[in-house]
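Here the structure comes first, spelled out in structure tokens, and everything after it is commentary.
In what follows, chains are A, B, ... by sequence order, proteins preceding strands, each numbered from 1. The analysis underlying the following values was restricted to heavy atoms, covering all of them including side chains, and did not include hydrogens, waters or symmetry mates.
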2 protein chains.
Amino acid sequence: MTRRSSSVTIRDVAREAGVSVATISRYINQSARVSDDVAERIELAIEELNYVPHAAARHLATQRTRVIGLLLTNMHNDFFAPLVSGIEAVVQHQGYNLLVATHRADSHLDIQLPIGSHNTDGMIVFADSLREDDIIGLHRNGFPIVLIHRSTPDGYEIPSVTIENKDATCRLVEHLITDHGRKRILFVRGPANQEDSQWRELGYLQALENHDIPRDPQLIICGEFEREVAYREMVKFLEDSQTDFDAVFTGDDDSAIGIVNALVEAGYRVPEDISVAGFDDLRLSAFLTPPLTTVNAPTELVGRTAAEQLFDLLTGKDVDPIILLPTEIVIRRSCGCFV
Amino acid sequence: MTRRSSSVTIRDVAREAGVSVATISRYINQSARVSDDVAERIELAIEELNYVPHAAARHLATQRTRVIGLLLTNMHNDFFAPLVSGIEAVVQHQGYNLLVATHRADSHLDIQLPIGSHNTDGMIVFADSLREDDIIGLHRNGFPIVLIHRSTPDGYEIPSVTIENKDATCRLVEHLITDHGRKRILFVRGPANQEDSQWRELGYLQALENHDIPRDPQLIICGEFEREVAYREMVKFLEDSQTDFDAVFTGDDDSAIGIVNALVEAGYRVPEDISVAGFDDLRLSAFLTPPLTTVNAPTELVGRTAAEQLFDLLTGKDVDPIILLPTEIVIRRSCGCFV
DNA sequence: CCGGTTTCAGTAACCGGTTACATTATTTCA
DNA sequence: TGAAATAATGTAACCGGTTACTGAAACCGG
């Protein structure tokens with residue numbers, strides 16, 4: 001009948017220990033010394049009553065949630081496991097909690113964001129999980145944000161952690177050209193509005209240009225960074241297109257898997273007939289048959305770095321506005337090399 | 001100087017709209033009708049002031065957080081992506097948020113759990129991420145819990161969502177025996193204290209027994225459900241052991257990848273020389289070369305189901321104490337079949 | 001026209017912590 | 001020895017919502 005919840009509060013503990021609530025609070029938060037005698041009684045009372053502080057009450061009083069948010073576009077791609085893992089490690093180390101949500105930038109704008117200043121102390125925003133004006137809006141309100149796999153909007157200083165895409169892609173495609181003599185290289189692009197995908201496409205085009213290979217729009221198909229989509233598109237390409245090709249560069253490893261599968265099913269040998277290279281270096285890429293030549297993206301490090309940036313932001317430390325993490329070409333078998 | 005945060009509160013909105021805070025609250029929560037006139041003024045005031053309700057204050061007043069917790073052992077294995085994805089979908093659909101944390105059952109017990117009754121309305125506990133007495137303790141306090149990949153402790157009615165392990169394993173191993181004539185089947189087990197691993201081992205042993213094949217302790221190695229560990233152990237086995245074998249069944253697909261890799265490196269052909277089969281049917285398993293014969297575990301469904309169970313628990317609905325989701329054998333190429 | 005509902009809105013007590021300020025006891029040191 | 005500094009604790013006002021209770025106006029049937 002009474003509204004009082006069954007949970008034991010700080011006042012119960014205070015009564016049990018024979019001290020004031022302030023003292024309990026100070027003891028718990030170590031915010032001031034308490035005498036040994038009192039400390040012991042408090043310890044006992046807490047034990048006795050099985051007291052657990054009420055998070056919401058604490059958040060309300062302190063105006064901090066000790067929670068940080070992570071906004072992703074989806075969670076089912078294997079790419080996200082190390083990303084979340086890296087973030088989680090830092091968050092846990094800092095004694096914070098991690099709130100995870102998925103959201104698409106294009107979704108109904110008027111609905112309330114699952115995470116934001118109302119329930120987290122700061123957030124990490126992945127790629128195009130949030131519209132630019134929403135990001136700016138939050139930032140303008142002083143809400144700490146770190147962007148990953150997405151650059152800072154012009155004119156704003158929102159820290160961002162990205163990886164080097166273009167140059168590595170260019171060098172890897174050049175590897176296909178110079179070391180394996182490939183000239184007709186199919187490019188499998190990702191989502192149009194995702195920066196990683198755009199940079200990788202630029203790197204691909206750059207490599208062609210560097211070697212005076214004319215670009216052929218026929219040689220670009222769209223895999224959406226999704227294995228199944230890439231597989232389907234590749235099958236369709238093999239059936240419909242008369243365009244011949246001798247290599248495939250995919251903007252992501254996940255697609256590369258689908259591509260290789262489609263190729264093998266169609267009777268091509270990888271890498272003898274067709275060289276294949278990807279981007280990401282997923283945990284599984286080394287174990288594929290043939291092992292996938294790719295670009296290593298330090299995904300867990302991206303997560304870790306972004307989380308650290310965010311905590312620097314929260315503690316008022318200086319924060320690098322832009323962090324560009326290096327990537328590294330990983331030569332394996334799928335391009336044609338013997339390793 | 002003042003402690004007052006810069007954020008706008010419900011009282012500001014009330015003043016702006018010329019009504020009381022109660023009315024604002026009622027309007028926002030749709031907990032009672034307000035006249036159209038008032039509704040419009042409130043809407044305007046909220047817009048004008050850019051008001052966002054303070055989550056902690058709301059939680060404190062309602063004694064609900066609208067957050068559910070997910071406790072995992074780690075996050076880096078690809079297995080977790082669909083699991084989390086499934087949970088997240090339901091949680092989002094219910095208008096809740098998802099708090100994710102990792103924890104090991106064996107870690108220092110006295111440290112406060114990252115999630116629990118203090119900051120979530122309920123939680124989903126994966127396998128051995130939490131000690132049995134901690135689970136029971138929380139449950140005794142009336143905290144809603146759903147277990148996944150772990151059965152209910154004896155004598156308690158904590159809902160659990162698990163998958164059928166033993167029978168499917170048995171049948172798959174029998175497939176290796178009867179359809180491919182394998183008799184010396186290596187088993188790669190997972191963590192000793194994980195139930196899935198235990199059941200799969202029982203299924204393996206059952207299959208041997210059904211076909212009068214003597215069990216050989218030499219033919220069991222430990223892969224810990226980790227690709228790299230399985231790889232290393234397999235390499236070691238190939239170097240050290242004189243024991244011959246003609247098939248490998250691994251308790252999980254992740255290990256199977258490492259196993260195949262070790263076998264291929266050692267000059268074996270899969271499946272011509274050695275049949276390989278796994279368990280899980282990870283997204284990538286179909287794309288491996290050769291495609292992996294395995295048992296399909298409905299991992300996303302496990303997540304979805306567990307989340308639904310938890311919400312039933314939260315809303316006082318009847319909850320199945322035990323849900324055992326069916327698994328299905330998936331025959332591909334790695335066992336030796338032509339598909 | 002009148003008592004009884006129904007509808008809409010306001011007042012203020014609460015949720016369970018934190019912390020500024022006040023108070024008392026204990027040292028410290030000239 | 002006594003004034004000042006220090007240490008340990010208590011009191012009560014917050015934090016920003018929700019909601020039980022109350023009151024006023026509108027509505028309704030007879």
message: So if I take the C1' atoms of five pairs at each end of the helix from C/dC1-D/dG30 to C/dA30-D/dT1 and get each local axis, what angle do the two axes make, rounded to 10 degrees?
response: 30°

message: Near DNA chain D, counting only heavy atoms under 4.0 Å, which residues of residues 25-40 of chain A show up?
response: A/R26, A/R33, A/V34, A/S35, A/V38

query: How many Å lie between CD1 on A/I10 and P on D/dA13, as a whole number?
result: 18 Å

task: Would you mind reading off the distance between A/D12 atom CG and C/dC15 atom P, rounded to a whole angstrom?
output: 11 Å

- prompt: Between C/dC15, D/dG16, C/dT11, which one does the side chain of B/A57 approach most closely?
  reply: D/dG16

query: If you pin B/T23 and B/H54 to their nearest nucleotides in DNA chain D, which one's is more 5'?
result: B/H54

field: Closest contact, heavy atoms only, A/A17 versus A/A45
entry: CB-CB, 3.9 Å

task: Could I get the full list of side chain to side chain contact (heavy atoms under 4.5 Å, CB included) partners for B/S35, not counting sequence neighbours?
output: B/D37, B/V38

So which protein N/O to nucleotides 23-25 of chain C N/O distances come out below 3.5 Å?
none

message: Any non-hydrogen side-chain atom of A/H54 less than 4.5 Å from a side-chain atom of B/L60?
response: yes

field: Length of the line joining A/R58:CZ and D/dG16:C1', which is rounded to integer Å
entry: 18 Å

message: Counting only side-chain heavy atoms from C-beta out, which of D/dG17, D/dC15, D/dT19 sits nearest to A/Q63?
response: D/dC15

task: Give the nucleotide from the list C/dT18, D/dT19, D/dG17 with an atom nearest to the side chain of A/A61.
output: C/dT18

field: Between C/dG17 (C1') and B/N119 (CG): distance, integer Å
entry: 15 Å

- request: For B/I136, check side chain to side chain contact (heavy atoms under 4.5 Å, CB included) against everything at least two apart and list the hits.
  value: B/E132, B/R140, B/P153, B/Y156

message: According to ring-ring contact (aromatic ring centres under 6.0 Å, His included), who are the partners of B/H149, at least two apart in sequence or on a separate chain?
response: B/F79, B/F126

With a 3.5 Å cut-off and sequence neighbours excluded, list the donor-acceptor pairs that the side chains of residues 305-314 of chain A form with protein atoms.
from	atom 1	to	atom 2	distance (Å)
A/T305	OG1	A/L301	O	2.6
A/Q309	NE2	A/D320	O	2.8

message: When you measure from the side-chain N and O atoms of A/S20 to the phosphate of D/dG10, is any distance below 4.0 Å, counting only OP1 and OP2?
response: yes

- prompt: Which residues satisfy the side-chain hydrogen bond (donor to acceptor under 3.5 Å, both in side chains) test with A/T23, sequence neighbours excluded?
  reply: A/S20

task: Sort and list the pairs that fulfil salt bridge (charged side-chain N to carboxylate O under 4.0 Å, His left out) and have at least one residue in residues 26-35 of chain B, not counting sequence neighbours.
output: B/R33-B/D36

statement: 5'-most contact on DNA chain D (nearest-nucleotide basis), B/A22 vs A/G18, goes to A/G18

- prompt: Among C/dT11, C/dG16, D/dA12, which is the nearest nucleotide to the side chain of B/L60?
  reply: C/dG16

message: Holding to side chain to side chain contact (heavy atoms under 4.5 Å, CB included), I want the full list of residues that pass it with A/T65, two or more places apart in sequence or in another chain.
response: A/H59, A/V67, A/D121

- prompt: Do any pairs count as a salt bridge (charged side-chain N to carboxylate O under 4.0 Å, His left out) and have a residue in residues 47-74 of chain B, sequence neighbours left out, and if so which ones?
  reply: none

- prompt: In whole angstroms, how far is the C1' atom of C/dA9 from the CZ atom of B/R11?
  reply: 16 Å

Backbone of B/G116 reached by a side-chain donor or acceptor of B/N119 within 3.5 Å: yes

statement: Whole-Å distance, A/R41 CZ to D/dT9 C1', equals 11 Å

- line: For A/E300, the salt bridge (Lys or Arg N to Asp or Glu O under 4.0 Å) test, sequence neighbours excluded, returns A/R304

